[in-house]
Amino acid sequence: MKILITGGGGFLGSEIVRQLITENHEIAILARNNYPKIEGLGVKCIQADVQNPKSLEGHFNGIDVVIHTAAKAGVWGSKDSYFGINLEGTKNVLAAAQTAGVQAFVHCSSPSAVWSGQDESGLSEKQCPYPKQYLAHYPESKAEAEKIVIKANGNGIKTTALRPHLIWGAGDPHLVPRLIKRHRRLRIIGHGRNKVGVTHVSNAAHAHILAMNELLGGGKNSGKAYFITDPEPVFIWDWVNSLFTELGKKPITRHIGVGTATRIGGILEWVWSTFRLSGEPPMTRFVAGQLSTDHYYDLSEAINDFGYQPHPSSANGWDEMIVYFKQS
């Protein structure tokens, strides 16, 4: 099997590579940068930009499956920067795959694509339609990309979209580093007992491989989107404080009201946008909502359709993550 992973040098993409190399596949990654360590595993590394259709030409010939993880993450930045990579980049990769006759396309989406801004407690995919408005460019761009991937199903290619939530683990370049950086300024927003589904990177990668296999084997998941998290949600502030405690930092105990945090976020967004300040605001409306609401999901569809289950390596994931960040 010939598999191409976009964003294969990233946190999730490289874990997909590590899991796939134990099987008898011919693997290539497509990314903007070079990754000698991945190349050293016997993986072909293609340097290209998903935003540039010309740079993609010829690289999808003979490929059986594309796993598309390349994306711009985060909560702040210009609309063009998010839509350029997350939407236009997805369009370009999907078009290149269809032109080359790729059989299956697994797209990495996000639960934020359908997050309403309110509590979503154990909801299924059918209970979470796309919202009419978004509080940030990232979730809106992911929603639009997900829609075109699902719509393409059956047009010479089988597609599915996975929505892993808050991917964590050793090597995480996003979630945990952001928490550590903001440790001194963090406040518990609201009552602090909101439950959130998080996803160890090995579980997220495993889900993409299982979905790929199901597409190739007939495709119950063809043309559908799936929530992916670890089996049980966590009380997110307990999770954050456990992380800080194990890293030798003081736990967060001070609270701020949801309304206050939301108003502050809106003001800071205006200031940053108006004066074009660098970096991102200390608070945004999207972050205030994410840190104060339940957002965990029913995994039954993924379990029933393609046999999603925790990957064995996730069992030691917490300890490995703590060791990694202690040494960073």
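The shown structure was predicted, so the numbers you read here are calculated from the model rather than taken from an experiment.
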Inset, instruction - Applying salt bridge (Lys or Arg N to Asp or Glu O under 4.0 Å) between Arg163 and each of Glu125, Glu301, Glu146, report the one that passes. - result: Glu146
Legend entry - Atom pair CD1/CD1 of Ile16 and Ile3 - distance to nearest 0.5 Å: 10.0 Å
Inset, instruction - Could you label the plane-to-plane angle of the His107 and His68 rings as parallel, tilted or perpendicular, counting under 30° as parallel and over 60° as perpendicular? - result: parallel
Inset, instruction - Kindly assign one of parallel, tilted or perpendicular to the pair Tyr82 and His137, based on the angle between their ring planes and the thresholds 30° and 60°. - result: tilted
Inset, instruction - Using a strict cut-off of less than 4.0 Å between a Lys/Arg side-chain nitrogen and an Asp/Glu carboxylate oxygen, indicate whether Glu144 and Lys91 qualify as a salt bridge. - result: no
Legend entry - Separation of Thr284 OG1 from Ile267 CD1 (nearest 0.5 Å): 13.5 Å
Legend entry - Cation-aromatic face contact Lys158/Phe105, 6.0 Å, 45 degrees: no
Inset, instruction - Could you verify whether a donor N or O on one side chain and an acceptor N or O on the other, from Trp318 and Glu246, lie under 3.5 Å apart? - result: yes
Legend entry - Pair Ser121, Asp294: side-chain N/O donor-acceptor within cut-off below 3.5 Å: yes
Inset, instruction - Could you please spell out the steps behind the side chain to side chain donor-acceptor pair (under 3.5 Å) verdict for Asn86 and Ser141? - result: CA-CA 6 Å; Asn86 296 345; Ser141 66; 3.0 Å; yes
Inset, instruction - Scan side-chain atoms only and decide if Glu120 and Tyr297 contain a donor-acceptor pair under the 3.5 Å cut-off. - result: yes
Legend entry - Worked check of side chain to side chain contact (heavy atoms under 4.5 Å, CB included) between Ser109 and Leu162: CA-CA 5 Å; Ser109 186; Leu162 302 188; over 6 Å; no
